[in-house]
Amino acid sequence: MVIVRWRHCKIAVAVLLMGLVGAIFFKPCWAEDGTGAFCLIPDGLDLSNPTCGPESPIVLAQAETKTSSDFESDSGWGDESVVPAEMEEEKVRGISDPLEPINRIFFAFNDKLYFWLLKPVAKGYSKVVPEPARVGVRNFFSNLLTPIRLVNCLLQGKFKSAGTETLRFIINSTVGFLGFQDVAKQEGHLERQEEDLGQSLGVYGLGPGIYINWPIFGPSSFRDTVGMFGDFFLDPINYAVTRTKYNMAVKGYDKVNKTSLTLGDYESLKKAALDPYVAVRDAYFQYRRNLIKK
Amino acid sequence: MKKYSVLIGIAVVVIGLFWAYLVYAGEPIEQIKKTTDKIIDIVKDPALKAPEKEPERRKLIRAAVDEIFDWDEMAKRTLGRHWRKRTEEEKKQFIYLFGKLLERTYLDKVEGYSGEKVIYVGDRVEGNYALVKVKINTKQETEIRVLYRMRKKDRKWMVYDISIEGVSLINNYRTQFNNILVRSSYKKLIEKLKAKVGQ
């Protein structure tokens, strides 16, 4: 039974309106020149340690510096300091992991969960449902999660991104057949803005805290776990499908569908790693740090 | 007199070209594009598609990768501060094993190529170092951001790190190696590496 209460709608309408204001008053991402007076995008926090290159800044200034025009058009590639830190000074930066023994048990549990349950189910599913349809389902669920991304764009003061998310939602929900097609990206170059509460907290200056490898949910940190709980209240599925049983079924289906599109990724990560647990932990730490900086 | 001026003209052109050859190492982004195109051609080559051609195909890919990958620098950076403590012999062995490990992983990924679009976004050069940004558009409508870190070595731009979606390969291996080195020993690390590459 789908129960949509008015108070939920009010929040949604308010958020949508704020996003629209963002879209109108601040230049959205697709604007040709992204440096208008109203573009308020904080750079995010640089959580990395200052790195000292082998050359002093004075020498560097004299060195030839060339940047091709499109280089700075987009972000999200990670640390963009060209000259690396001196090898001896490259510290092993990471996330603190006092729960490692428990985390490793859950890691092993998730590993088995993947190989024994998730992978076979996703494989069978992918044999029945063709790939374009599965991409559509993934887009549909992603479109539903717009409130999480939109609210967190606003929480981080990224009004331009909030505008993008709002436009994406409007375009994809209508022209894109309830979000199954990502028309906004294909036709309008409106990219999805990957934001969540964990990142917002990171932008506010909160460090990741300790590493937590949750059973089922996988790699996380203290900060991102708090974020996950917060985002739970912005997930429309949790309001539309309130019976735990059905809610879990919907979420499970989303997970199987997503897995069917990324089969083999985890396997190759495991194959490449000397210690898969440490490899995943470090990748998670680097990945999140990059998202927050973005 | 006319004969001499022609000779001088030729000499000037030759010297000029030689000078340009010395100074110009090519743009980093062009190097990446050249190698990527070469590898895609190998993977797509119908003559090399058959399963029994696999060793040949892999050899060709490895040769193309070797041209642009600075294995020494990569290996060095993954060991970080532990590098200095190693003997020449150990360093050589480590570089070899690390190269093998990456080869296995990288070749697997490359062989799974199925028409993904590669977009060369741009590059930035600061002295002898450079960054190259590349976007890969998969068939599942996802975008993968790849950042190549390069260094000029003997007038050639060589890759010493790859970041995928902000996750640096070298940093990831450094964390893993450091973890093993701190908890056990270098010997143990080599044992694990050997077991991994199947030797």
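Residue numbering restarts at 1 for every chain, and letters A, B, ... go by the order of the sequence lines. If you're wondering where the values come from, they're calculated on a predicted model, not measured in any experiment. Reckoned from all heavy atoms, side chains included, excluding hydrogens, waters and symmetry mates.
- Heavy atoms of other residues, nucleotides or ligands lying less than 6.0 angstrom from NZ of A:Lys185 number more than 12.
- The CG atom of A:Asp275 lies 6.0 Å from the NZ atom of B:Lys192; values are rounded to the nearest 0.5 Å.
- With a 6.0 Å radius and a threshold of 12 heavy atoms from other residues, nucleotides or ligands, B:Lys44 has its NZ atom at or below the threshold.
- Atom CD1 of B:Ile164 is separated from atom OH of A:Tyr287 by 13.0 Å, given to the nearest 0.5 angstrom.
- No donor-acceptor distance shorter than 3.5 angstrom exists from the side chain of B:Lys196 to the backbone of A:Ala272, with no hydrogens or angles considered.
- Minimum interatomic distance between A:Ala279 and B:Gln176 (heavy atoms only, all atoms of both residues): CB-NE2, 3.3 Å.
- Closest heavy-atom contact between A:Asn290 and B:Glu165: ND2-O, 3.4 Å.
- If you measure heavy-atom distances from B:Tyr173 to chain A, the contacts under 4.5 Å come from the side chain alone.
- In this structure, B:Thr142 OG1 and A:Arg138 CZ are separated by 6.0 Å, a value rounded to the nearest 0.5 Å.
- For A:Lys119, the NZ atom sits in a packed shell: over 12 heavy atoms of surrounding residues, nucleotides or ligands are nearer than 6.0 Å.
- Within 6.0 Å of atom CZ in A:Phe115, more than 12 heavy atoms from other residues, nucleotides or ligands are found, so the atom counts as buried in its surroundings.
- Residue contact with chain A, scored on non-hydrogen atoms closer than 4.5 Å, involves the backbone and the side chain of B:Leu131 alike.
- Within residues 179-189 of chain B, the residues approaching chain A closer than 4.5 Å by heavy atoms are, in numerical order, B:Asn179, B:Ile180, B:Arg183, B:Leu189.
- Checked by atom type and distance alone, the side chain of A:Asp282 never pairs as donor or acceptor with a backbone atom of B:Thr175 at under 3.5 Å.
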Step-by-step side chain to side chain contact (heavy atoms under 4.5 Å, CB included) determination, B:Glu141 to A:Gln186:
CA-CA 9 Å; B:Glu141 293 179 20; A:Gln186 285 155 4; 3.5 Å; yes
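- In this structure, the separation between CD on A:Gln286 and CG on B:Asn171 is 4.5 Å, given to the nearest 0.5 Å.
- The backbone N or O of A:Lys271 lies less than 3.5 Å from a partner atom in the side chain of B:Arg104, making a donor-acceptor pair.
- With a 4.5 Å cut-off on non-hydrogen atoms, B:Ser168 touches chain A through its backbone and its side chain both.
- For NZ of B:Lys153, the number of neighbouring non-hydrogen atoms (other residues, nucleotides, ligands) closer than 6.0 Å is greater than 12.
- Taken to the nearest 0.5 Å, the CD atom of A:Glu131 stands 4.0 Å off from the CD atom of B:Gln140.
- Across all their heavy atoms, B:Glu126 and A:Val82 have their closest contact at OE2-CG2, 3.5 Å.
- In A:Lys255, the NZ atom is not crowded: 12 or fewer heavy atoms of neighbouring residues, nucleotides or ligands sit closer than 6.0 Å.
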